[in-house]
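Working notes, structure below.
Counting convention: from 1, in listed order, for ligands and their atoms alike.
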Amino acid sequence: MIEVKNLTYTYMKDTPFEKTALKNISFGVEEGNFFAIAGHTGSGKSTLIQIIAGLIDFKIGAVEVDGESITKKSARRKIGIVFQYPEHQLFEETVEKDIAFGPKNFGLNDAEVTKRVDEAMKLVGLDLSLKNLSPFELSGGQRRRVAIAGILALKPKYLILDEPTAGLDPKTRKNFLAEIEKLHKSGVTIILVTHSMEDIANLAEKVLVLTDGEILFEGMPRKLFTKTEILERAGLELPAATRLIQKFSRAGFNVNTEILTIDEAEKEIWRAIK
Ligand SMILES: Nc1ncnc2c1ncn2[C@@H]1O[C@H](COP(=O)(O)OP(=O)(O)OP(=O)(O)O)[C@@H](O)[C@H]1O
Ligand SMILES: [Mg+2]
């Protein structure tokens, strides 16, 4: 598991621009979990995941991966991180070379690298015939898949994604989330940063809500969605299904409001009106 203990982080400390982005944060992500992180712009989400991935040095608090400090290389290697708009970071001449870059750096032999590239491409739904194309000959959605395949080829045990569906069209977005869910089912622990309460409702087992660098909520999404005050403070909206069931509840129907999906809402409404 990943454990964050009493983490405080300040950008540009001891300058006039000093900004404390995280204030005494503690939480854990269990192995195999689908864990979401939500919160308004500037709440500290990206700072937090970069620290968890070992990309930002910090002085106050601790981050441990399976009991080992993130400052150790072996701990960092268990974590893969996909930034927002990862396709901007492609730089090799071909799709294959781009995906192979990380595994090569790990010192794997050519046969193993090829195997990893093929596996990663299949995982993200990229046809192997695209291997020799330049990433710039691909569509935006395909480029993003290449970028993510490059991370998956490292076989991270924990995969962190920062708003991975931002800017994708609805269909690509849906496929994409289905693939992330597939990865999760195959045993990869997922940490998903998102503003989408719908995605959290459909996918996440646990959610952490940040506001101004502090934890406002940690727990099951269906519990979060009953806490209107927390959602308001965090600037988050309810999923449509939850909004609907709450309207029924306010209208006097005896319904359970801990609802996530349209299917759940439908069942609950039928039950109440029968
Ligand atoms: N490199 C930096 N230097 C100085 N301050 C920074 C830096 N990066 C982030 N910050 C500040 O730290 C705070 C947290 O930023 P962070 O990027 O972690 O927020 P976020 O929750 O990811 O926001 P968003 O939803 O917009 O991506 C913000 O106040 C931001 O201005
Ligand atoms: Mg961010």
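By the 30° and 60° cut-offs, the orientation of the rings of Y9 relative to Y11 is perpendicular.
Taking any N or O of G42, backbone or side chain, at least one lies under 3.5 Å from an N or O belonging to ligand 1. Any N or O atom pair closer than 3.5 Å counts here, and G44 shares at least one such pair with ligand 1.
In this structure, Q50 has no heavy atom closer than 4.0 Å to ligand 1. For the ligand labelled ligand 1, residue S43 lies inside the 4.0 Å heavy-atom shell.
The pair D66-K78 counts as a salt bridge, with a side-chain nitrogen and a carboxylate oxygen less than 4.0 angstrom apart.
The H195 neighbourhood of ligand 1 comprises atoms 25 (O), with distances under 4.0 Å to a heavy atom of that residue. Interface of T47 with ligand 1, defined as ligand atoms under 4.0 Å from a residue heavy atom, comprises 14 (C), 15 (O), 16 (P), 18 (O). Residue T41 approaches ligand 1 through these ligand atoms, each under 4.0 Å from one of its heavy atoms: 23 (O), 24 (P), 25 (O), 26 (O). When each atom of ligand 1 is checked for a heavy atom of H40 under 4.0 Å away, the hits are 21 (O).
For the Mg ion (ligand 2), the N/O/S atoms of S46 include one lying under 2.8 Å.
Within the 4.0 Å heavy-atom criterion, neither part of Q84 lies near ligand 1. Both the backbone and the side chain of K45 come within contact range of ligand 1, each with a heavy atom under 4.0 Å.
Within a 6.0 Å radius of CD in E93, other residues, nucleotides and ligands contribute 12 heavy atoms or fewer.
Put simply, the side chain of V113 reaches to within 4.5 Å of the side chain of P103, judged on heavy atoms. Between I52 and I160, the closest side-chain pair of non-hydrogen atoms falls below 4.5 Å. Put simply, the side chain of T257 does not reach to within 4.5 Å of the side chain of I259, judged on heavy atoms.
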Does the pair M121 and R145 meet the rule for a side-chain contact (heavy atoms from CB on, under 4.5 Å), with working shown?
CA-CA 8 Å; M121 286 183 77; R145 280 162 204 266; over 6 Å; no
Residue pair F248, E268: steps toward the side-chain contact (heavy atoms from CB on, under 4.5 Å) verdict
CA-CA 10 Å; F248 270 77; E268 196 53 29; over 6 Å; no
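Looking at atom 17 (O) of ligand 1, its nearest protein heavy atom turns out to be S46 CB, 3.8 Å. Distance from atom 10 (N) of ligand 1 to its nearest protein heavy atom, with residue and atom name: Y11 CE1, 3.3 Å.
By the definition of a contact as any protein heavy atom under 4.0 Å away, atom 30 (C) of ligand 1 is not in contact.
By the 6.0 Å and 45° rule, R143 does not stack over the aromatic ring of F136.
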